[in-house]
Amino acid sequence: MIHHFATLFDINYLSRGLCLAESLSRVLDGNYQLYVLALDDETVEYFKKNPYPSILIVHIADLELKYPELLQAKSNRSLIEYYFTISPFLPLYLLENYQLPRITSLDADLFFYASPEIIFNTYHKDDILITPHDFSSNITYLLEYGIYNVSFQSFPYTENAISVLNDWKDKCIQWCYDTLDKDTQNFADQKYLNAWSANFPNIQPIYLKTAGRAPWNIRDTNLRLHNGKLMVDNDELIYYHFHHLRFYSNFIDHGLLLYGVYIMTPAIKSIYRQYLKNLFKLNILLQETNDNQILRFNYAKKKESLLARIWEQEAGMLRFNLFTVFFSIRFWKRAYYYANRKMNGLFN
(Lines give C-alpha, C1' and ligand atoms only; values in the text may rest on other atoms or scores of the structure.)
Protein backbone atom coordinates (compact mmCIF):
# COMPACT_ATOMS: atom_id res chain seq x y z
CA MET A 1 0.00 0.00 0.00
CA ILE A 2 1.33 3.42 -0.97
CA HIS A 3 1.03 6.14 1.67
CA HIS A 4 0.56 9.75 0.59
CA PHE A 5 2.31 12.49 2.56
CA ALA A 6 2.54 16.24 2.13
CA THR A 7 4.97 18.85 3.39
CA LEU A 8 6.01 22.38 2.53
CA PHE A 9 9.27 24.28 2.66
CA ASP A 10 11.34 26.95 0.99
CA ILE A 11 14.99 26.76 -0.05
CA ASN A 12 16.14 27.39 3.54
CA TYR A 13 14.53 24.14 4.70
CA LEU A 14 15.50 22.11 1.62
CA SER A 15 18.01 19.89 3.43
CA ARG A 16 15.46 19.15 6.17
CA GLY A 17 12.82 18.30 3.58
CA LEU A 18 15.22 15.93 1.84
CA CYS A 19 16.12 14.39 5.20
CA LEU A 20 12.42 13.75 5.82
CA ALA A 21 12.07 12.12 2.39
CA GLU A 22 15.12 9.92 2.91
CA SER A 23 13.81 8.72 6.27
CA LEU A 24 10.44 7.82 4.69
CA SER A 25 12.22 5.94 1.91
CA ARG A 26 14.17 3.92 4.43
CA VAL A 27 11.27 2.92 6.71
CA LEU A 28 8.67 2.43 3.94
CA ASP A 29 10.95 0.85 1.31
CA GLY A 30 9.95 3.55 -1.16
CA ASN A 31 6.22 2.75 -0.90
CA TYR A 32 5.13 6.34 -0.47
CA GLN A 33 4.46 9.54 -2.38
CA LEU A 34 5.58 12.84 -0.89
CA TYR A 35 3.89 15.97 -2.22
CA VAL A 36 6.12 18.98 -1.62
CA LEU A 37 4.63 22.45 -1.72
CA ALA A 38 7.59 24.50 -2.98
CA LEU A 39 7.36 27.92 -1.37
CA ASP A 40 9.82 29.63 -3.70
CA ASP A 41 11.26 29.35 -7.21
CA GLU A 42 14.64 28.14 -5.94
CA THR A 43 13.05 25.01 -4.49
CA VAL A 44 11.18 24.36 -7.74
CA GLU A 45 14.41 24.73 -9.70
CA TYR A 46 16.26 22.34 -7.41
CA PHE A 47 13.73 19.55 -8.00
CA LYS A 48 13.66 20.23 -11.75
CA LYS A 49 17.39 19.57 -11.84
CA ASN A 50 17.26 16.78 -9.24
CA PRO A 51 14.03 14.78 -9.64
CA TYR A 52 13.15 12.20 -6.99
CA PRO A 53 10.91 9.25 -7.93
CA SER A 54 8.78 9.53 -4.78
CA ILE A 55 8.51 13.34 -4.67
CA LEU A 56 5.93 15.35 -6.57
CA ILE A 57 6.26 19.15 -6.57
CA VAL A 58 3.36 21.56 -6.18
CA HIS A 59 4.20 25.23 -6.73
CA ILE A 60 2.82 27.78 -4.30
CA ALA A 61 1.42 29.66 -7.31
CA ASP A 62 -0.85 26.68 -8.07
CA LEU A 63 -2.31 26.86 -4.58
CA GLU A 64 -2.78 30.62 -4.79
CA LEU A 65 -4.50 30.26 -8.16
CA LYS A 66 -7.03 27.77 -6.75
CA TYR A 67 -7.53 29.72 -3.52
CA PRO A 68 -7.16 33.45 -4.34
CA GLU A 69 -8.01 34.39 -0.75
CA LEU A 70 -4.46 33.33 0.08
CA LEU A 71 -3.06 36.33 -1.79
CA GLN A 72 -5.01 38.72 0.41
CA ALA A 73 -3.80 36.90 3.52
CA LYS A 74 -0.24 37.14 2.20
CA SER A 75 -0.50 40.93 2.29
CA ASN A 76 -1.62 41.26 5.92
CA ARG A 77 0.70 38.92 7.84
CA SER A 78 4.36 38.00 8.06
CA LEU A 79 5.88 35.36 5.81
CA ILE A 80 6.05 32.73 8.55
CA GLU A 81 2.43 33.49 9.46
CA TYR A 82 1.51 33.08 5.82
CA TYR A 83 3.16 29.67 5.86
CA PHE A 84 1.07 28.77 8.93
CA THR A 85 -2.04 29.93 7.07
CA ILE A 86 -1.33 27.45 4.27
CA SER A 87 -1.57 24.44 6.65
CA PRO A 88 -5.21 23.52 5.84
CA PHE A 89 -5.00 24.50 2.17
CA LEU A 90 -2.34 21.98 1.12
CA PRO A 91 -4.14 18.77 2.25
CA LEU A 92 -7.45 20.13 0.92
CA TYR A 93 -5.86 20.89 -2.46
CA LEU A 94 -4.33 17.42 -2.70
CA LEU A 95 -7.48 15.55 -1.69
CA GLU A 96 -9.64 17.45 -4.15
CA ASN A 97 -7.19 17.57 -7.06
CA TYR A 98 -5.80 14.04 -6.84
CA GLN A 99 -8.68 12.19 -5.09
CA LEU A 100 -6.20 10.52 -2.76
CA PRO A 101 -7.63 8.00 -0.28
CA ARG A 102 -5.78 9.77 2.54
CA ILE A 103 -3.24 12.58 2.85
CA THR A 104 -0.95 13.01 5.84
CA SER A 105 0.60 16.44 6.40
CA LEU A 106 4.09 16.48 7.89
CA ASP A 107 6.37 19.22 9.15
CA ALA A 108 9.56 19.23 7.10
CA ASP A 109 11.70 18.83 10.24
CA LEU A 110 10.32 15.41 11.16
CA PHE A 111 12.53 12.35 10.85
CA PHE A 112 11.29 8.75 10.85
CA TYR A 113 13.15 6.02 12.71
CA ALA A 114 10.51 3.33 12.11
CA SER A 115 7.51 2.84 9.84
CA PRO A 116 4.41 4.98 10.54
CA GLU A 117 2.30 2.02 9.38
CA ILE A 118 1.33 1.25 12.97
CA ILE A 119 -0.23 4.71 13.33
CA PHE A 120 -2.58 4.13 10.40
CA ASN A 121 -3.34 0.55 11.47
CA THR A 122 -4.30 1.65 14.99
CA TYR A 123 -7.17 3.86 13.88
CA HIS A 124 -10.23 3.55 11.63
CA LYS A 125 -9.89 4.32 7.92
CA ASP A 126 -12.30 7.29 8.25
CA ASP A 127 -10.57 8.85 11.25
CA ILE A 128 -8.90 12.24 11.13
CA LEU A 129 -5.63 11.92 13.05
CA ILE A 130 -4.10 14.79 15.04
CA THR A 131 -1.04 14.95 17.27
CA PRO A 132 -1.18 16.03 20.93
CA HIS A 133 1.71 18.06 22.29
CA ASP A 134 1.77 15.68 25.28
CA PHE A 135 3.80 18.27 27.20
CA SER A 136 6.22 17.10 29.86
CA SER A 137 4.96 17.69 33.41
CA ASN A 138 7.26 20.68 33.95
CA ILE A 139 5.81 22.72 31.06
CA THR A 140 2.08 22.02 31.07
CA TYR A 141 1.51 25.80 31.19
CA LEU A 142 2.26 25.75 27.45
CA LEU A 143 -1.17 24.18 26.90
CA GLU A 144 -2.46 27.72 26.44
CA TYR A 145 -0.82 27.54 23.00
CA GLY A 146 -2.83 24.47 22.05
CA ILE A 147 -3.46 20.88 23.06
CA TYR A 148 -2.34 19.75 19.61
CA ASN A 149 0.67 20.46 17.44
CA VAL A 150 0.36 20.98 13.69
CA SER A 151 3.12 18.61 12.62
CA PHE A 152 1.50 15.25 11.77
CA GLN A 153 -2.19 15.33 10.86
CA SER A 154 -3.88 12.85 8.56
CA PHE A 155 -7.09 13.31 6.55
CA PRO A 156 -9.09 10.65 4.70
CA TYR A 157 -10.96 11.64 1.55
CA THR A 158 -14.38 11.88 3.22
CA GLU A 159 -17.05 14.55 3.43
CA ASN A 160 -16.24 15.00 7.10
CA ALA A 161 -12.54 15.62 6.45
CA ILE A 162 -13.33 18.09 3.66
CA SER A 163 -15.66 19.93 6.07
CA VAL A 164 -12.94 20.05 8.73
CA LEU A 165 -10.38 21.40 6.27
CA ASN A 166 -12.75 24.00 4.87
CA ASP A 167 -13.61 25.19 8.38
CA TRP A 168 -9.91 25.31 9.31
CA LYS A 169 -8.91 27.21 6.18
CA ASP A 170 -11.66 29.80 6.69
CA LYS A 171 -10.51 30.38 10.26
CA CYS A 172 -6.85 30.64 9.23
CA ILE A 173 -7.70 33.17 6.53
CA GLN A 174 -9.55 35.24 9.10
CA TRP A 175 -6.83 35.04 11.79
CA CYS A 176 -3.48 33.23 11.83
CA TYR A 177 -0.69 35.05 13.63
CA ASP A 178 2.39 33.98 15.56
CA THR A 179 1.06 35.30 18.86
CA LEU A 180 -1.45 34.31 21.51
CA ASP A 181 -4.51 36.50 20.95
CA LYS A 182 -5.61 38.10 24.22
CA ASP A 183 -9.30 38.17 23.30
CA THR A 184 -9.92 34.88 21.45
CA GLN A 185 -6.95 32.91 22.89
CA ASN A 186 -6.20 31.74 19.34
CA PHE A 187 -2.62 30.93 18.40
CA ALA A 188 -1.35 30.59 14.82
CA ASP A 189 -2.89 27.64 12.94
CA GLN A 190 -2.75 25.10 15.75
CA LYS A 191 -5.14 26.16 18.50
CA TYR A 192 -8.13 25.77 16.17
CA LEU A 193 -7.62 22.01 16.52
CA ASN A 194 -8.70 22.19 20.17
CA ALA A 195 -12.36 22.42 19.12
CA TRP A 196 -12.39 19.70 16.45
CA SER A 197 -13.41 16.82 18.72
CA ALA A 198 -16.46 18.78 19.91
CA ASN A 199 -17.50 20.00 16.47
CA PHE A 200 -16.73 17.09 14.15
CA PRO A 201 -16.96 13.27 14.27
CA ASN A 202 -14.07 10.84 13.80
CA ILE A 203 -11.37 13.07 15.31
CA GLN A 204 -8.70 10.84 16.81
CA PRO A 205 -5.70 12.17 18.74
CA ILE A 206 -2.64 9.95 18.26
CA TYR A 207 -1.86 8.83 21.80
CA LEU A 208 0.97 6.51 20.84
CA LYS A 209 4.06 7.37 22.88
CA THR A 210 6.23 6.28 19.95
CA ALA A 211 4.82 9.09 17.79
CA GLY A 212 4.82 12.85 18.24
CA ARG A 213 8.03 12.89 20.26
CA ALA A 214 9.57 16.35 20.36
CA PRO A 215 11.61 18.65 22.64
CA TRP A 216 8.45 19.52 24.64
CA ASN A 217 7.75 15.90 25.70
CA ILE A 218 11.05 14.02 25.44
CA ARG A 219 11.86 14.78 29.09
CA ASP A 220 9.01 12.53 30.30
CA THR A 221 9.34 9.92 27.55
CA ASN A 222 10.85 6.57 28.51
CA LEU A 223 13.28 6.61 25.59
CA ARG A 224 16.10 4.09 25.55
CA LEU A 225 18.57 2.36 23.27
CA HIS A 226 18.20 -1.38 22.79
CA ASN A 227 20.34 -3.34 20.33
CA GLY A 228 21.03 -0.16 18.39
CA LYS A 229 17.34 0.76 18.11
CA LEU A 230 15.56 3.70 19.71
CA MET A 231 12.75 2.36 21.89
CA VAL A 232 9.92 3.98 23.84
CA ASP A 233 9.04 1.48 26.55
CA ASN A 234 9.03 -1.75 24.46
CA ASP A 235 8.20 -0.31 21.03
CA GLU A 236 10.33 1.37 18.39
CA LEU A 237 10.32 5.15 18.19
CA ILE A 238 8.44 6.06 15.01
CA TYR A 239 9.46 9.66 14.51
CA TYR A 240 10.88 12.73 16.21
CA HIS A 241 10.14 16.41 15.59
CA PHE A 242 13.34 18.49 15.48
CA HIS A 243 11.65 21.71 16.45
CA HIS A 244 13.94 24.65 17.22
CA LEU A 245 17.08 22.90 15.96
CA ARG A 246 19.36 25.55 14.47
CA PHE A 247 22.97 25.47 13.38
CA TYR A 248 25.38 28.34 12.92
CA SER A 249 28.62 27.10 11.37
CA ASN A 250 30.18 24.90 14.09
CA PHE A 251 27.64 25.69 16.81
CA ILE A 252 24.34 23.80 16.95
CA ASP A 253 21.45 24.93 19.14
CA HIS A 254 19.16 22.00 19.96
CA GLY A 255 16.77 24.23 21.92
CA LEU A 256 16.13 21.57 24.55
CA LEU A 257 16.89 23.85 27.50
CA LEU A 258 13.81 25.89 26.61
CA TYR A 259 11.70 22.86 27.56
CA GLY A 260 13.59 21.96 30.73
CA VAL A 261 15.59 19.12 29.19
CA TYR A 262 18.85 19.41 31.15
CA ILE A 263 19.98 15.78 31.11
CA MET A 264 21.08 14.45 27.73
CA THR A 265 20.66 10.69 27.95
CA PRO A 266 22.46 8.39 25.49
CA ALA A 267 19.13 7.81 23.73
CA ILE A 268 18.43 11.54 23.27
CA LYS A 269 21.96 12.04 21.97
CA SER A 270 21.43 9.17 19.53
CA ILE A 271 18.25 10.79 18.16
CA TYR A 272 20.09 14.00 17.38
CA ARG A 273 23.30 12.37 16.15
CA GLN A 274 21.47 10.18 13.62
CA TYR A 275 19.49 13.12 12.27
CA LEU A 276 22.42 15.52 12.14
CA LYS A 277 24.64 13.00 10.37
CA ASN A 278 22.05 12.81 7.57
CA LEU A 279 21.49 16.55 7.60
CA PHE A 280 25.20 17.37 7.41
CA LYS A 281 25.69 15.09 4.41
CA LEU A 282 22.88 16.88 2.59
CA ASN A 283 24.17 20.30 3.60
CA ILE A 284 27.59 19.48 2.19
CA LEU A 285 25.91 18.36 -1.02
CA LEU A 286 23.83 21.55 -1.12
CA GLN A 287 26.75 23.69 0.03
CA GLU A 288 24.86 24.98 3.05
CA THR A 289 26.66 25.70 6.31
CA ASN A 290 24.17 27.49 8.55
CA ASP A 291 20.58 28.51 9.20
CA ASN A 292 21.12 32.24 8.68
CA GLN A 293 17.93 32.65 6.61
CA ILE A 294 15.54 30.55 8.69
CA LEU A 295 12.45 32.64 9.49
CA ARG A 296 11.68 31.52 13.05
CA PHE A 297 13.84 31.05 16.16
CA ASN A 298 16.83 32.45 14.31
CA TYR A 299 19.63 34.06 16.28
CA ALA A 300 22.15 34.17 13.44
CA LYS A 301 21.92 37.95 13.12
CA LYS A 302 23.61 38.29 16.48
CA LYS A 303 27.27 38.64 15.55
CA GLU A 304 28.90 36.53 18.25
CA SER A 305 32.07 34.54 18.51
CA LEU A 306 31.79 30.81 19.09
CA LEU A 307 32.81 31.19 22.76
CA ALA A 308 30.30 33.99 23.30
CA ARG A 309 27.53 31.88 21.78
CA ILE A 310 28.46 28.89 23.95
CA TRP A 311 28.40 31.10 27.06
CA GLU A 312 25.03 32.61 26.18
CA GLN A 313 23.26 29.41 25.08
CA GLU A 314 24.73 27.29 27.93
CA ALA A 315 24.13 23.99 26.14
CA GLY A 316 24.14 22.65 22.63
CA MET A 317 26.39 20.77 20.24
CA LEU A 318 29.65 21.51 18.47
CA ARG A 319 30.15 20.22 14.97
CA PHE A 320 33.36 18.70 13.66
CA ASN A 321 32.83 17.55 10.06
CA LEU A 322 30.13 14.84 10.33
CA PHE A 323 30.56 14.43 14.10
CA THR A 324 28.88 16.25 16.95
CA VAL A 325 29.92 16.78 20.56
CA PHE A 326 27.31 17.65 23.18
CA PHE A 327 28.19 20.18 25.85
CA SER A 328 26.56 21.93 28.80
CA ILE A 329 28.14 24.68 30.89
CA ARG A 330 24.91 25.36 32.79
CA PHE A 331 26.30 24.22 36.17
CA TRP A 332 29.65 25.98 35.70
CA LYS A 333 28.00 29.22 34.57
CA ARG A 334 25.84 29.31 37.70
CA ALA A 335 28.84 28.43 39.88
CA TYR A 336 30.75 31.32 38.30
CA TYR A 337 27.96 33.82 39.01
CA TYR A 338 27.57 32.49 42.55
CA ALA A 339 31.30 32.84 43.23
CA ASN A 340 31.22 36.33 41.73
CA ARG A 341 28.46 37.40 44.09
CA LYS A 342 30.32 35.93 47.06
CA MET A 343 33.53 37.72 46.09
CA ASN A 344 31.72 41.03 45.61
CA GLY A 345 30.17 40.60 49.06
CA LEU A 346 33.59 40.19 50.61
CA PHE A 347 35.07 43.32 49.12
CA ASN A 348 32.06 45.71 49.14
Side-chain angles (χ1 to χ4, degrees), residues 6-10 12-13 16-17 20 37 39-40 60 63-64 67 69-93 103-110 128-136 139-155 161 164-200 203 205-206 212-217 241-246 255 258-259 291 293-299:
T7 191
L8 57 85
F9 51 83
D10 61 15
N12 300 305
Y13 249 48
R16 287 169 171 82
L20 166 64
L37 180 65
L39 296 170
D40 52 26
I60 182 62
L63 215 65
E64 292 167 343
Y67 308 106
E69 61 266 38
L70 281 172
L71 293 174
Q72 184 177 356
K74 199 174 191 177
S75 67
N76 60 31
R77 57 202 70 185
S78 71
L79 188 56
I80 190 63
E81 289 166 342
Y82 180 60
Y83 291 170
F84 292 159
T85 303
I86 293 169
S87 293
F89 286 87
L90 179 57
L92 182 62
Y93 176 87
I103 188 69
T104 302
S105 296
L106 307 173
D107 265 10
D109 53 0
L110 302 187
I128 294 168
L129 308 180
I130 53 178
T131 303
H133 274 111
D134 191 26
F135 288 117
S136 293
I139 54 170
T140 52
Y141 62 88
L142 291 176
L143 280 167
E144 67 175 344
Y145 291 95
I147 299 169
Y148 306 102
N149 177 248
V150 176
S151 57
F152 183 113
Q153 47 282 341
S154 189
F155 303 93
V164 170
L165 288 167
N166 274 310
D167 179 76
W168 190 21
K169 81 174 178 62
D170 291 344
K171 286 181 167 64
C172 284
I173 284 292
Q174 185 177 359
W175 195 97
C176 187
Y177 297 95
D178 194 12
T179 185
L180 186 65
D181 187 84
K182 290 185 292 186
D183 298 323
T184 65
Q185 293 300 300
N186 288 330
F187 175 70
D189 55 346
Q190 74 180 21
K191 202 163 181 185
Y192 294 122
L193 277 63
N194 279 19
W196 285 8
S197 293
N199 296 333
F200 299 97
I203 305 296
I206 303 169
R213 297 305 90 190
W216 47 78
N217 56 39
H241 186 177
F242 287 91
H243 180 78
H244 212 297
L245 180 69
R246 297 290 181 266
L258 296 172
Y259 302 98
D291 279 343
Q293 305 305 316
I294 296 291
L295 293 175
R296 205 162 180 245
F297 307 124
N298 185 354
Y299 311 109

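The shown structure was predicted, so the numbers you read here are calculated from the model rather than taken from an experiment.
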Closest contact, heavy atoms only, G212 versus T131: CA-CG2, 3.9 Å
Value rounded to 0.5 Å, distance of SG in C176 from CG in N186: 9.5 Å
Between CG on residue D107 and OG on residue S151, distance to nearest 0.5 Å: 5.5 Å
Audit row: L258, H244, side-chain contact (heavy atoms from CB on, under 4.5 Å) steps and yes/no: CA-CA 9 Å; L258 296 172; H244 212 297; 3.1 Å; yes
Modelled atom types, side-chain donor and acceptor of N217 and H133, under 3.5 Å: no
Spacing of CG belonging to L8 relative to OH belonging to Y83, to within rounding of 0.5 Å: 8.5 Å
Nearest-0.5 Å distance, CZ of residue F135 to CG of residue L142: 5.0 Å
Test applied, ring-ring contact (aromatic ring centres under 6.0 Å, His included); reference residue, W168; option that passes from F200, W196, Y192: W196
Over all atoms of both residues, closest heavy-atom pair of Q185 and L180: O-CD1, 3.6 Å
Spacing of SG belonging to C172 relative to CD1 belonging to I86, to within rounding of 0.5 Å: 10.5 Å
Considering all heavy atoms, the nearest A188-F84 contact: CB-CD1, 3.8 Å
Candidate pair D189 and S87, rule side chain to side chain donor-acceptor pair (under 3.5 Å), full reasoning: CA-CA 7 Å; D189 55 346; S87 293; 2.6 Å; yes
Euclidean distance, Q153 CD relative to Q190 CD, rounded to 0.5 Å: 10.0 Å
Check against side-chain contact (heavy atoms from CB on, under 4.5 Å), L193 and I147: CA-CA 8 Å; L193 277 63; I147 299 169; over 6 Å; no
Main-chain N/O of D181 paired to T179 side chain as donor or acceptor, under 3.5 Å: no
Test side-chain contact (heavy atoms from CB on, under 4.5 Å) applied to I173 and Q72, step by step: CA-CA 9 Å; I173 284 292; Q72 184 177 356; over 6 Å; no
Heavy-atom pair with the smallest gap, counting every atom of Y13 and A108: CD2-CB, 3.9 Å
Pairs touching residues 69-83 that satisfy salt bridge (charged side-chain N to carboxylate O under 4.0 Å, His left out), sequence neighbours left out: E64-K74, E69-K169
Heavy-atom check, side chain of Y82 versus side chain of L70, under 4.5 Å: yes
Crowding at CD, Q174 (>12 non-hydrogen neighbours, <6.0 Å): no
Contact summary for V164 and F155, nearest pair of heavy atoms: CG1-CE2, 4.4 Å
Heavy-atom pair of closest approach, residues T7 and L90: O-CD2, 3.6 Å
Residue pair D109 / H243, side-chain donor-acceptor N/O under 3.5 Å: no
Pair R213 + D134, salt bridge at N-O below 4.0 Å: yes
side-chain contact (heavy atoms from CB on, under 4.5 Å) evaluation trace for I139 with Y141: CA-CA 5 Å; I139 54 170; Y141 62 88; 3.9 Å; yes
